[in-house]
Undergrad: 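One structure, pasted below without further comment.
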Amino acid sequence: MAVKYQIPRGTFDILPEESYQWQYITNVFREIAREFSYKEIVTPIFEKKELFERSVGNSSDIVQKEMYEFKDKKGREFALRPEGTAPVVRSFVENNLGMGGGNTKLFYLGPMFRYDRPQKGRFRQFYQYGVENIGSDDPYIDAEVIAMGYTFLEKLGLSNFELEINSIGCANCTENYDKILVKYFTPFMQELCSDCQDRINKKPKRLLDCKVPECRKIAQNAPSMLDYLDEECKEHFLEVQRNLKIMSIPFKINPKIVRGLDYYNKTAFEFVDKNLGAQDTLIGGGRYNELIGQFGGKDVPGIGYAGGFERLMLSMETEKVTFGEKQVPDIYLVTLGEKVKDVAGKLLLDLRIAGVSAEFDPEKNSIKSQMKAADKLQVRFALILGDDEFAQNKIILKDMKSGEQELIGLEKIVESLKKTCEK
RNA sequence: GUGGGUGUAGUUCAACGGUAGAGCACCGGAUUGUGGUUCCGGGCGUUGUGGGUUCAAAUCCCAUCAUCCACCCCA
């Protein structure tokens, strides 16, 4: 009995007719990474579960309910990575990547996993690109990292996005600010949603970006974090803004940005596309100056961001941006008669070795069906080899667009096509 | 985890409880060595799956799975 299998919930296949779009986006990202001089790092798709509990935070939704967890045969607890920063920092510390001093600039690409209810722009296995710049707390670096994200979106042809930045201060500021928030929200306790009532003593900052209308109204007049930054953080944030202005990168200050992952401090930012629906964050990132030390590394600061490919594609679709070109063979070989079919194999191989992408279908016999196939594949040229041509040691090269065709010596055809098909 | 919508041919969608259809795509043909346009021909698909109601179910009911949108969360 044949059983029909279905793809797991919240996942998707990237099908042959659309894979070129993914290639295009990753190529653009790699190119930007090269320009900003980031090097690729590839880490495993799973890590010790504890790695994420300690970094992303035990109280975060990601750890509490969204991790794909499993035990291996010896009972060790692992999790499919829900995000990229923790594994990269783990590798950074483990391999002493900071040894040379200065900044370590890393980028990564790959699938992440979160057990969430699927929705527009949200999947259980999704693909992220991200960067980490480890080793400097200089506000210029913050601006440069942000600039890289900005440049990437621009290079893809997007323009409907906005950059929002905020500073969530350091441990020192937070301690002070949390008290102030608790003091502000406590009188409204009865009017807050149950989540917020729960959060108020754990993470008061989260009340700021609650989406329940009642809470929103109350949060509207809450004291802003920005007014309670200590001198150092305040100065840092101002410098980030100054650097962004120097680079002519437009931004908006949004004091409501609170990163949901525990390791963030100081600069937090998001690139948002308002046309996308509920899941509108294209890129999210921020600074994490304490994380590396926590992982037992030298106590160095870091900053990074990550974005999801799926949302980029949604955004690109709504903005009707073209991405990449369909993969199409250069030539289609048409043969007529059994004798010449024997020549086809060698000719095709020679073409392919020369870098010419060539297609041929040994099961099609009539010239008509072969021409149709060539047309459907949208090839640039058809090569037609029949007994007549073969007898003269020649072959017909037909330009499919213009319809013009010429007779060329069989021994010259590979060299000639190699030249015209070169990019 | 919660709420609502949807599930029929490869695809997009039709079909008052009474024989399941169309566009696009696809395949073949229109004098045997030239594609795109046009014309002609080609569809018995477990109506997501499993139950139930009924003389009769794609249609009504229940369950289940999947999907979409929103909450939540975030990329």
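Each chain gets a letter, A, B and so on, in the order the sequences are listed, and its residues count up from 1.
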Undergrad: Would you say A:Gln279 reaches B:C74's phosphate, i.e. side-chain N/O to OP1/OP2 under 4.0 Å?
TA: no
Undergrad: How would you label the contact of A:Ile396 with the nucleic acid (heavy atoms, under 4.0 Å): base, sugar-phosphate, or nothing?
TA: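 Base, at least one base atom sits under 4.0 Å.
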Undergrad: Under 4.0 Å, heavy atoms only, any strand: does A:Gly149 hit a base, just the sugar-phosphate, or nothing?
TA: nothing
Undergrad: Using a 4.0 Å heavy-atom cut-off, does A:Gly403 contact any base of the nucleic acid, only the sugar-phosphate backbone, or nothing at all?
TA: base
Undergrad: Looking only at side-chain atoms of A:Thr281, point me to the closest of B:A75, B:G35, B:C71.
TA: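 From the listed options, B:A75 comes nearest.
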Undergrad: Need one value for A:Gly337: base, sugar-phosphate or nothing, where a base atom within 4.0 Å counts as base even if backbone is also close, heavy atoms only.
TA: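 Result for A:Gly337 = nothing.
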Undergrad: Which is more 5' along RNA chain B, the nucleotide nearest A:Ser60 or the one nearest A:Gly10? Just name the residue.
TA: A:Gly10
Undergrad: Phosphate oxygens OP1/OP2 of B:G35: is one of them under 4.0 Å from a side-chain N or O of A:Lys368?
TA: yes
Undergrad: Determine the interatomic distance between P on B:U38 and the same-named atom on B:U19; round to the nearest Å.
TA: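 Looking at atom P only, B:U38 and B:U19 are 35 Å apart.
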Undergrad: Tell me whether the OP1 or OP2 atom of B:U67 has a side-chain N or O from A:Arg9 closer than 4.0 Å.
TA: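 For B:U67, OP1/OP2 do have a side-chain N/O of A:Arg9 under 4.0 Å.
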Undergrad: Taking only the side-chain heavy atoms of A:Ile367 (C-beta and beyond), determine which of B:U34, B:A75, B:C27 contains the nearest atom.
TA: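 Selected nucleotide (nearest to the side chain): B:U34.
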Undergrad: Could A:Lys48 and A:Glu77 be called an ion pair, given the rule that one side-chain N must be under 4.0 Å from one carboxylate O?
TA: no
Undergrad: Answer yes or no: is there an ion pair linking A:Lys372 with A:Asp375, defined by an N-O contact shorter than 4.0 Å?
TA: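 Looking at A:Lys372 and A:Asp375, the cut-off is not met.
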Undergrad: Determine the Euclidean distance between corresponding P atoms of B:C62 and B:C69; express it in Å to zero decimal places.
TA: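 Nearest-Å result for B:C69 against B:C62 at atom P: 25 Å.
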Undergrad: For the side chain of A:Gln119, counting heavy atoms from C-beta on, which of B:U34, B:A75, B:C72 is nearest?
TA: B:C72
Undergrad: Do the side chains of A:Lys49 and A:Glu69 get close enough for a salt bridge, i.e. N-O under 4.0 angstrom?
TA: yes
Undergrad: Of the nucleotides B:U34, B:G33, B:A75, which has the atom closest to the A:Asp388 side chain?
TA: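 Side chain of A:Asp388 sits closest to B:G33.
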Undergrad: Using the side-chain heavy atoms of A:Arg114, tell me which of these nucleotides is nearest: B:A75, B:C26, B:C68.
TA: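 The nucleotide sitting nearest to the side chain is B:A75.
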Undergrad: For A:Phe126, is the NZ or CZ atom of A:Arg114 found under 6.0 angstrom from the centre of its six-membered ring and inside 45 degrees of the ring axis?
TA: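 Checked: cation-pi criterion not met.
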Undergrad: I'd like to know if A:Glu389 reaches the base of B:G33 with its side chain, counting only an N/O donor and acceptor under 3.5 Å.
TA: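 In this structure, the two groups form a donor-acceptor pair.
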Undergrad: Using a 4.0 Å heavy-atom cut-off across all strands, classify A:Phe123 as base, sugar-phosphate, or nothing.
TA: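 The answer is base, as A:Phe123 lies within the cut-off (heavy atoms under 4.0 Å) of a base atom.
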Undergrad: Can you tell me which nucleotide in B:C69, B:C27, B:C73 comes closest to the side chain of A:Lys120?
TA: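 Minimum distance to the A:Lys120 side chain belongs to B:C69.
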Undergrad: Give the ring-plane orientation class for A:Tyr24 versus A:Phe323, where under 30° counts as parallel, over 60° as perpendicular and anything between as tilted.
TA: tilted
Undergrad: For the backbone of A:Pro255 and the side chain of A:Asn166, can you confirm whether one donor and one acceptor N or O come within less than 3.5 Å of each other?
TA: yes
Undergrad: Once you apply a heavy-atom cut-off of 4.0 Å, does A:Glu83 come out as touching a base, just sugar-phosphate, or nothing?
TA: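 No contact.
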Undergrad: Identify whether any heavy atom of A:Met112 sits under 4.0 Å from a base atom; if not, whether one sits that close to sugar-phosphate; answer base, sugar-phosphate or nothing.
TA: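 The residue A:Met112 makes no contact with any strand.
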Undergrad: Write down the partner of B:G17 under the Watson-Crick or G-U wobble criteria, each distance required to be under 3.5 Å.
TA: none
Undergrad: Over all strands shown, is A:Ala374 touching base, sugar-phosphate only, or nothing at heavy-atom distances under 4.0 angstrom?
TA: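 Nothing, no heavy atom under 4.0 Å.
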Undergrad: Rounding to an integer number of angstrom, what distance separates B:C39 and B:G21 when you compare their C1' atoms?
TA: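 The answer is 23 Å between these two C1' atoms.
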Undergrad: Nearest to the side chain of A:Met400 - B:C74, B:G1, B:G35?
TA: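 Nearest to the side chain of A:Met400 among the choices is B:G35.
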Undergrad: When the P atoms of B:G1 and B:A56 are compared, how many Å lie between them, rounded to an integer?
TA: 38 Å
Undergrad: Taking NZ, NE, NH1 and NH2 as the nitrogens, is one of them in A:Asp137 or A:Arg287 under 4.0 Å from a carboxylate oxygen of the other?
TA: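 A salt bridge links A:Asp137 with A:Arg287.
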Undergrad: Look at the side-chain N and O atoms of A:Lys398 and state whether any lies under 4.0 Å from the OP1 or OP2 oxygen of B:G36.
TA: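 A:Lys398 to B:G36 OP1/OP2: no side-chain N or O under 4.0 Å.
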Undergrad: Under a 3.5 Å cut-off for both contacts, is B:A56 paired Watson-Crick or G-U wobble with anything, and if yes, with which nucleotide?
TA: none
Undergrad: If you assign each of A:Ser369 and A:Lys65 to its closest nucleotide in RNA chain B, which residue comes earlier from the 5' end?
TA: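 First, find each residue's nearest nucleotide; the 5'-ward one identifies A:Ser369.
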Undergrad: Is the ring of A:Phe126 stacked on the base of B:A75, with centres less than 5.5 Å apart and planes under 30° off?
TA: yes
Undergrad: Now, which nucleotide makes the Watson-Crick or G-U wobble pair with B:U6, with each of the two distances under 3.5 Å?
TA: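 Looking at the geometry, B:U6 pairs with B:A66.
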Undergrad: Under the criterion salt bridge (charged side-chain N to carboxylate O under 4.0 Å, His left out), I'd like the reasoning laid out for A:Arg124 against A:Asp116: C-alpha separation, chi angles, the key distance, then a yes or no.
TA: CA-CA 6 Å; A:Arg124 290 187 170 178; A:Asp116 228 356; over 6 Å; no
Undergrad: Is it the case that B:U34 (base atoms only) and A:Gln370 (side chain only) share a donor and an acceptor within less than 3.5 Å, ignoring hydrogens and angles?
TA: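 Under the 3.5 Å cut-off, the side chain and the base do not form any donor-acceptor pair.
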Undergrad: Within the modelled atom types, does a donor on one side and an acceptor on the other bring the side chain of A:Arg122 and the base of B:C72 under 3.5 Å apart?
TA: yes
Undergrad: I'd like to compare against my own output: the B/S/- annotation of nucleotides 2-11 of chain B with a strict under-4.0 Å heavy-atom distance to protein.
TA: BB--------
Undergrad: Find the partner of B:G35: check Watson-Crick (N1-N3 plus N6-O4 or O6-N4) and G-U wobble (N1-O2, O6-N3) distances, both under 3.5 Å, and reply none if neither fits.
TA: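 With both distances under 3.5 Å required, B:G35 matches none.
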Undergrad: Give A:Glu270 one of three labels, base, sugar-phosphate or nothing, depending on what nucleic acid heavy atoms sit under 4.0 Å from its own.
TA: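 Result for A:Glu270 = nothing.
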Undergrad: Kindly point out which of B:G35, B:C74, B:C72 is positioned nearest to the side chain of A:Asp280?
TA: B:C74
Undergrad: If the threshold is 4.0 Å, N to carboxylate O, is there a salt bridge linking A:Arg34 and A:Glu40?
TA: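 A:Glu40 and A:Arg34: not salt-bridged.
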Undergrad: Classify the nucleic acid contact of A:Ile384 as base, sugar-phosphate or nothing, counting any heavy atom under 4.0 Å across all strands shown.
TA: base
Undergrad: If the threshold is 4.0 Å, N to carboxylate O, is there a salt bridge linking A:Lys274 and A:Glu162?
TA: no
